[in-house]
Amino acid sequence: LSIGAPMTLEEKLPGERQVRHLQGSVVDWVPDMQLLVALRPAGGVKTLWFIEIDKLSDDGAILASGVIMEGWGARFVSRHARHARRAGFEAMNEAVKARAEEMWRASGRAPT
């Protein structure tokens, strides 16, 4: 990764069949800690997608991910789309958590 590098994200919200391919570029990144991707503005909405990992100890971390929308068109994003996107990020976070715990158990240690 490098700042300014193009990136394509795939978004499939819960309850939807179609996968959307979102084009953007890396705004900032810190290895093993943070990734910020700005998506191309569409419909008056600027979108920043993020994932952050805060290491608490050798045995624990906090994962945060989400999307920040701003611009004149952001207020017109439907309530359904906002709820679906939130549910999608929650599902993604739970899947990451499950995978991390699986890898942790495979290493011979129990998750904390």
Taking all atoms of both residues into account, what is the closest heavy-atom pair of [X] and [Y], and its distance?
| X | Y | value |
| --- | --- | --- |
| Leu36 | Phe50 | CD2-CB, 3.4 Å |
| Leu22 | Glu11 | CD1-CB, 3.8 Å |
| Leu63 | Ile53 | CD1-CG1, 3.8 Å |
| Asn93 | Ser65 | OD1-OG, 2.6 Å |
| Lys55 | Ala61 | CA-CB, 4.1 Å |
| Met69 | Arg85 | CE-NH1, 3.0 Å |

With the side chain counted from C-beta on, respond yes when [X] and [Y] share a heavy-atom pair under 4.5 Å apart, and no when they do not.
| X | Y | result |
| --- | --- | --- |
| Gln18 | Lys12 | no |
| Ile62 | Leu56 | yes |
| Trp29 | Val37 | no |
| Glu52 | Val30 | no |

- Query: Does Glu101 pair with Lys97 as a salt bridge, N-O distance under 4.0 Å?
  - Reply: yes
- Decide, yes or no, whether a salt bridge links Glu102 with Arg99 under the criterion of side-chain N to carboxylate O below 4.0 Å. yes
Please say yes or no: joined through hydrophobic side-chain contacts below 4.5 Å, possibly via intermediate residues, are [X] and [Y] part of one cluster?
| X | Y | value |
| --- | --- | --- |
| Ile3 | Trp49 | yes |
| Leu39 | Val67 | yes |
| Ile51 | Leu9 | yes |
| Ile68 | Val27 | yes |

- Message: Would Thr47 and Arg40 count as a side chain to side chain contact (heavy atoms under 4.5 Å, CB included) here? Give the steps.
- Response: CA-CA 7 Å; Thr47 305; Arg40 290 189 184 144; over 6 Å; no
- Separation of Thr8 OG1 from Gln23 CD (nearest 0.5 Å): 3.5 Å
- Message: Other residues, nucleotides and ligands only: do more than 12 of their heavy atoms fall within 6.0 Å of CE on Met92?
- Response: yes
